[in-house]
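Order of appearance sets the numbers: ligands from 1, and atoms from 1 within every ligand.
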Amino acid sequence: MPANQKVKEVLEYIKECSPGQDEFYQASEEVLHSLLPLLKEDNRYLEHNVLERIMVPERSIIFRVNWVDDAGKVQTNVGYRVQFNSAIGPYKGGLRFHPSVNLGIVKFLGFEQIFKNALTGLQIGGAKGGSNFDPKGKSDNEVMHFCQAFMSELYKHIGEQRDVPAGDIGVGAREIGYLFGQYKKLTGNFQGVLTGKGLNWGGSNARKEATGYGSVYFAENFLNVYEKSLKDKRCTVSGSGNVAIYTMEKLYNFGATPISCSDSKGTIYHESGIEMASLKAVKEINHESLEAYATLHPEAVYTPVSHYPEDGHAVWHIACDVAFPSATQNELTLLDAQVLEKNGCILINEGANMPTTADALSYIRKSSMLFSPGKAANAGGVATSQLEMSQNASMAQWSFEEVDIKLRTIMQNIFKTAYDTSVEFDCEGDLVTGANIAGFRKVADSMIDQGSV
Ligand code: NDP
Ligand code: 2IT
């Protein structure tokens, strides 16, 4: 059967057996279509039915999480852990706590994680998990009770050689601490079963900064190929969480100016550059909306989200040289991509997972703009998580500089792998194809080596 016919059949099958999972279809379509040049060249993947096998998670665990709120009432949420693929190592991937979390979201994130983790060159399989629990507006006590209840089920399925969760949207150091405490209480084991831990109890230096820093290292590598650099570039960044904040911090180190950030309520445009101490105070310490940043800096422009109801996001309407979508999936639409191009943007570098909609992505790939796919550009976070696992296994703690140097090298290698693969398949600079083929090939070859398990 011709490869394109096979891809079509597998995608139809996926829709039939996993109804209502739009984000998972979107990620699957992008990956499978971009594999066509490889599938046409090497028949082994179809012979061994690798496409059918790789699209179905090895295991999906869905569980009830009951916890008691501050008023003494029992609340219920749904918990997930999708252990997608363990061909190249123990399952690895974050946990997301956000009201929008459902099985389709967790599956799209877990599927992307398989190829991202393979691209790091490290031995980690792909997984993702989370809950529709919303940490916003909850007291520390409620967040702790939720995390304890969540771990009371999850602990049965994870382990340092088996599955090592970490943070993602809504899961940071506080949540990892409560989850780790409960794991230790239930099992009696102090082991590196989670990453993103506190520095006093097994965490790695530079893990907090790693995704944002790595995203900037990746962008610089890409621009250098075309004899350009981030120096003096005006950069728009979306989001104001972990990835966005450390993207902005590293942009300043490279002589670029981050001029925007956003959250679920609105966008800040600060022409002279985002002031990092104020942003960290508003978002990391006080957990306020960005409106508080505008109060501190009256010269900054604050636009509430409803300003562009006709399908577009204020942040992408600000003229920039490089755009760093770093908030959430499908936050950059076709209209946004057209406006970015018109305003002279030269590179869109994905810090978030799948922030670009499918039609925006196909437009961008035909445009003159460069594009860094998230599974390559944001892989610095999970790569540094693996460095944390490595330090835990040897009971060592490396300095910030040591970890940062390793992160820089890993990002350089990820870029080179994706870029060289694009050259190998005659689409120089098309890193969507390059990253998908390089990640897939490593995992698929390992699956073939390991037989029909
Ligand atoms: P955080 O929870 O720290 O921050 C998320 C940010 O995005 C916040 O500013 C939040 O706004 C905004 N946001 C979230 N959901 C929405 C939404 N539905 N609409 C509008 N804004 C939204 O998460 P991270 O920074 O860790 O994650 C950001 C992205 O990066 C995600 O796609 C994640 O999967 C990806 N990623 C994260 C890694 C990590 O190491 N943390 C590694 C690789 C990728 P508000 O403050 O109002 O909630
Ligand atoms: O999407 C991601 O790569 C993450 N949220 C980080 C995963 C990890 O295991 O550090």
Side-chain angles (χ1 to χ4, degrees), residues 23 89-101 105-106 108-117 119-120 122 124-130 134-137 158 163-176 192 194-197 204 206-215 218 237-248 261-268 279 282-284 286-293 305 313-315 324-332 350-356 374-389:
E23 291 83 2
Y91 305 110
K92 183 84 196 85
L95 297 171
R96 177 178 291 191
F97 293 168
H98 192 271
S100 63
V101 167
I105 298 265
V106 179
F108 116 66
L109 290 163
F111 184 66
E112 290 283 289
Q113 199 82 43
I114 303 172
F115 309 108
K116 181 194 304 193
N117 293 2
L119 277 170
T120 64
L122 305 167
I124 37 181
K128 201 82 183 193
D134 186 359
K136 268 197 208 130
I158 62 176
D163 183 358
V164 183
D168 192 80
I169 291 178
V171 178
R174 174 182 63 166
E175 289 74 19
I176 294 292
L194 291 158
T195 58
K197 298 187 291 297
S204 174
R207 172 61 189 91
K208 183 176 70 174
E209 293 81 359
T211 311
Y213 281 20
S215 169
F218 191 92
V237 179
S238 67
S240 50
N242 174 265
V243 178
I245 287 177
Y246 293 96
T247 296
M248 294 181 227
C261 58
S262 67
D263 64 14
S264 52
K265 306 245 169 56
T267 295
I268 289 285
L279 180 65
V282 168
K283 297 307 284 190
E284 285 190 329
N286 299 330
H287 308 290
E288 294 171 300
S289 120
L290 284 173
E291 226 171 336
Y293 180 95
V305 278
H313 297 86
V315 68
F324 288 86
S326 308
T328 193
Q329 64 275 356
N330 291 329
E331 52 154 322
L332 194 159
E350 292 190 329
N353 285 308
M354 206 171 73
T356 309
K375 65 169 69 69
N378 73 34
V382 74
T384 307
S385 277
Q386 194 278 351
L387 301 179
E388 183 171 327
M389 290 162 69

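Within the 3.5 Å criterion, the main-chain N or O of Ser289 finds no donor-acceptor partner in the side chain of Asp263. Distance alone, capped at 3.5 Å, places no donor-acceptor pair between the Asn378 side chain and the Thr211 backbone. Judged by distance alone, the side chain of Arg96 and the main-chain N or O of Gly129 form no donor-acceptor pair under 3.5 Å. Remark: side-chain polar atoms of Glu175 are paired, donor with acceptor, to backbone N or O of Gly172 under 3.5 angstrom.
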Where do Val237 and Val315 land on the side-chain contact (heavy atoms from CB on, under 4.5 Å) test, with the steps shown first?
CA-CA 8 Å; Val237 179; Val315 68; over 6 Å; no
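Minimum interatomic distance between Gly351 and Ser215 (heavy atoms only, all atoms of both residues): CA-OG, 4.2 Å.
Ligand 2 lies under 4.0 Å from heavy atoms of Lys92, Gly93, Gly94, Gln113, Lys116, Lys128, Ala166, Gly167, Asp168, Arg207, Asn353, Gly381, Val382, Ser385. Listed by chain and number, residues touching ligand 1 at under 4.0 Å (heavy atoms only) are Arg96, His98, Lys116, Lys136, Asp168, Ile169, Gly170, Arg207, Thr211, Gly239, Ser240, Gly241, Asn242, Val243, Ser262, Asp263, Ser264, Lys283, Ser326, Ala327, Thr328, Gly351, Ala352, Asn353, Asn378.
The side-chain contact (heavy atoms from CB on, under 4.5 Å) check on Val282 picks up Glu288, Ala292, Tyr293, Leu296, with sequence neighbours excluded. Considering only residues two or more places apart in sequence or on other chains, Phe115 meets the ring-ring contact (aromatic ring centres under 6.0 Å, His included) condition with Phe111.
Residue Met248 holds its CE atom at 7.5 Å from OG of Ser326, rounded to the nearest 0.5 Å.
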